Amino acid sequence: MAAPALLSAPPPPPPMEEDGLTSHVAPSPNPPPPPSKSGFLRGRPPIGVTSEFDSERQLFSHRISCRVLNGLAKLRLRVHHGAAGGAPTPEVALMGRNFSAVVDAASRGAVLRGTADLAGSLHLSAAHNTKNYQNGEQSYIHIGCSTHCLSISCDHEYDDSTVSCIRMDRYFQLKYNSRKEGQGEVAVTTNLGDSPCKIELSSLVPPDGLPRATFLFPNGEVSVKEKKLDEGEKILSVNGIVKSHVLNGVCTALYNDNMMNIKYRYKDDELSFIPSLTLPSNSLSFAFKRQLTPSDKFSYRYHFDTNYWSAVYKQKASKHVKWKAGYGSDERLGWASVWVGDAGGKTKEAPLKTKVQLMIKVPQNNIQNSTLVFRVKKRWDF
């Protein structure tokens with residue numbers, strides 16, 4: 001392996017004339033570029049530092065990140081601590097395209113994940129959680145292997161459960177679930193020929209009654225299972241969900257435990273209307289959203305049985321400045337907030353790499369208890 005350019009032997013001295021003087025050689029019009037640095041002598045990668053403060057939770061968050069391994073992975077350090085003091089909780093992560101390792105110093109554990117493509121169509125995935133069991137965190141191991149016609153996965157949680165799934169071709173699937181208390185569940189799913197419909201049969205292990213049958217079709221599913229009442233009597237329970245396109249919208253009917261919820265959703269580029277009816281309680285509500293202008297939006301929700309309502313108005317003044325205000329009758333609380341910086345974007349895309357949110361909450365019955373909440377997020381690049 002050739003040595004790096006900075007460690008190679010020095011170039012030979014220029015030729016000497018017979019009188020001992022150096023010959024005057026005309027410089028090349030295009031001198032070669034200086035040798036690039038490589039390996040560990042390369043300059044450090046750019047480092048990003050982000051700090052955030054949330055006044056409502058009284059929490060400081062700091063993050064330091066940079067690219068390592070020639071840009072193939074990202075190294076990240078996160079630290080959280082409260083404004084009132086307390087020990088900070090650091091977290092270190094190394095993340096790449098096919099692997100990641102997250103170490104939590106507070107729980108003295110780590111989460112390791114990795115994926116790999118082997119032999120063309122063979123895909124392997126694995127994950128391991130080594131969280132401290134004494135602190136109540138559940139450790140687990142996941143291993144998955146899949147091809148075009150076969151898929152096998154296994155999850156093992158210490159002292160909790162083991163889940164295995166085998167999918168053969170596209171017509172047959174077998175699942176098995178074993179819980180800590182010794183009772184498991186097995187399920188078999190099969191396609192009905194070349195149709196998109198499926199039938200699934202599932203049963204407890206050891207069995208405790210009739211198996212549950214589920215019929216799955218493109219617009220929903222219907223399941224029938226045996227249910228035990230408080231009096232000890234067993235009955236057949238039917239649950240299901242069906243979706244259908246009606247009048248340029250989607251109608252959804254959900255039936256569960258002798259209750260049905262019918263919801264209709266209509267949405268276009270400017271208007272969204274969602275009425276909902278629950279039977280047999282006859283509880284009716286609706287949600288309404290209207291895009292007034294490309295930068296203004298209004299939404300309203302009302303429940304007829306409780307007379308609760310809420311309204312929100314949003315305005316996007318520019319790409320990085322937006323504000324909204326609203327009121328909720330259930331909490332009798334009005335509020336208004338303004339964002340400087342893209343609320344859903346990254347800090348490095350915001351102006352001056354800073355995002356600021358200011359929110360004021362005003363209770364209707366006690367205006368003197370109004371509170372001001374702010375969040376500040378700042379990023380530096382070195």
Side-chain angles (χ1 to χ4, degrees), residues 52-59 61 220 241-346 350 355-377:
E52 182 177 1
F53 175 70
D54 189 338
S55 66
E56 188 172 22
R57 297 186 298 168
Q58 292 292 305
L59 182 66
S61 301
I241 180 173
V242 179
K243 295 183 179 181
S244 178
H245 290 274
V246 179
L247 299 177
N248 297 327
V250 178
C251 183
T252 304
L254 176 63
Y255 184 79
N256 187 13
D257 292 336
N258 297 326
M259 294 185 61
M260 176 175 287
N261 178 261
I262 302 175
K263 180 182 296 185
Y264 177 75
R265 180 183 180 90
Y266 172 82
K267 184 178 181 181
D268 58 18
D269 295 337
E270 297 181 353
L271 177 65
S272 177
F273 180 66
I274 310 175
S276 176
L277 174 63
T278 301
L279 300 174
S281 62
N282 295 329
S283 175
L284 178 64
S285 65
F286 75 91
F288 172 82
K289 296 182 181 180
R290 181 72 165 87
Q291 189 78 37
L292 304 176
T293 66
S295 59
D296 296 82
K297 182 185 296 186
F298 175 78
S299 60
Y300 180 80
R301 182 182 298 271
Y302 184 78
H303 297 267
F304 288 88
D305 55 334
T306 59
N307 292 329
Y308 287 158
W309 63 273
S310 63
V312 178
Y313 175 76
K314 302 179 182 179
Q315 184 183 56
K316 189 175 181 179
S318 65
K319 179 181 179 181
H320 299 293
V321 178
K322 60 183 66 177
W323 69 275
K324 52 186 177 180
Y327 177 81
S329 65
D330 53 348
E331 299 180 355
R332 302 177 62 86
L333 179 67
W335 56 270
S337 69
V338 58
W339 268 104
V340 178
D342 190 359
K346 298 181 179 179
K355 293 197 303 184
V356 179
Q357 181 195 26
L358 297 176
M359 173 183 286
I360 183 172
K361 298 181 179 181
V362 182
Q364 181 180 353
N365 53 356
N366 194 350
I367 300 180
Q368 296 181 353
N369 288 339
S370 302
T371 58
L372 177 64
V373 180
F374 65 92
R375 292 177 59 192
V376 181
K377 191 173 184 179

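Computed from a prediction, not measured in an experiment: that's the story for all the values here. FYI, side chains are in, hydrogens and waters are out, and symmetry mates aren't considered; it's all heavy atoms of this structure.
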Taking all heavy atoms of [X] and all of [Y], pick out the closest pair and write down the distance.
{"X": "S281", "Y": "T278", "answer": "OG-O, 3.5 Å"}
{"X": "S55", "Y": "V373", "answer": "OG-CA, 3.4 Å"}
{"X": "S310", "Y": "G328", "answer": "CB-CA, 4.2 Å"}
{"X": "S285", "Y": "H303", "answer": "CB-ND1, 3.5 Å"}
{"X": "S329", "Y": "W309", "answer": "OG-N, 2.8 Å"}

Mark yes or no for whether [X], through its side chain, and [Y], through its backbone, hold a donor-acceptor pair below 3.5 Å.
{"X": "S276", "Y": "K263", "answer": "no"}
{"X": "Q291", "Y": "D296", "answer": "yes"}
{"X": "D54", "Y": "E56", "answer": "yes"}
{"X": "S244", "Y": "C251", "answer": "no"}

State, with a plain yes or no, whether a side-chain heavy atom of [X] is found less than 4.5 Å away from one of [Y].
{"X": "D257", "Y": "M259", "result": "no"}
{"X": "V312", "Y": "W335", "result": "yes"}
{"X": "W339", "Y": "K316", "result": "no"}
{"X": "P363", "Y": "R332", "result": "no"}

Notebook entry, point to check: Between W323 and Y313, does the ring centroid distance fall short of 6.0 Å?
Noted result: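 Yes, close enough.
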
Notebook entry, point to check: Does the separation of the ring centres of F273 and Y264 fall below 6.0 angstrom?
Noted result: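 No: the rings miss the under 6.0 Å criterion.
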
Assess whether atom [atom1] of [X] is packed by more than 12 heavy atoms of other residues, nucleotides or ligands within 6.0 Å.
{"X": "I367", "atom1": "CD1", "result": "no"}
{"X": "Y308", "atom1": "OH", "result": "no"}
{"X": "R290", "atom1": "CZ", "result": "yes"}

Next item on the list: I would like to know whether K314 and K322 meet side chain to side chain contact (heavy atoms under 4.5 Å, CB included); could you show each step before the answer?
Entry: CA-CA 8 Å; K314 302 179 182 179; K322 60 183 66 177; over 6 Å; no

Margin query: Any donor-acceptor pair under 3.5 Å linking the side-chain atoms of Y302 with those of N307?
Written below: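 Yes - a donor-acceptor pair under 3.5 Å links their side chains.
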
Item checked: Which residues share a side chain to side chain donor-acceptor pair (under 3.5 Å) with D268, sequence neighbours left out ->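 Checked D268 against side chain to side chain donor-acceptor pair (under 3.5 Å); matches are Y266.
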
Margin query: Tell me whether K361 is salt-bridged to E331, with the criterion being a basic N under 4.0 Å from an acidic carboxylate O.
Written below: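 Looking at K361 and E331, the cut-off is not met.
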
Next item on the list: Decide ring pair (Phe, Tyr, Trp, His ring centres under 6.0 Å) for F288 and F298; before the verdict, give the C-alpha distance in whole Å, the side-chain angles of both, and the deciding distance to 0.1 Å.
Entry: CA-CA 8 Å; F288 172 82; F298 175 78; 7.0 Å; no

Interatomic distance, [X] atom [atom1] to [Y] atom [atom2] [nearest 0.5 angstrom]:
{"X": "I274", "Y": "R265", "atom1": "CD1", "atom2": "CZ", "answer": "4.0 Å"}
{"X": "I262", "Y": "T252", "atom1": "CD1", "atom2": "OG1", "answer": "10.5 Å"}
{"X": "K297", "Y": "K324", "atom1": "NZ", "atom2": "NZ", "answer": "10.0 Å"}
{"X": "N366", "Y": "L333", "atom1": "CG", "atom2": "CG", "answer": "11.5 Å"}
{"X": "Q357", "Y": "K377", "atom1": "CD", "atom2": "NZ", "answer": "12.0 Å"}

Notebook entry, point to check: For N282, what residues pass the side-chain contact (heavy atoms from CB on, under 4.5 Å) criterion, not counting sequence neighbours?
Noted result: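 Applying side-chain contact (heavy atoms from CB on, under 4.5 Å) to N282 gives L279.
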
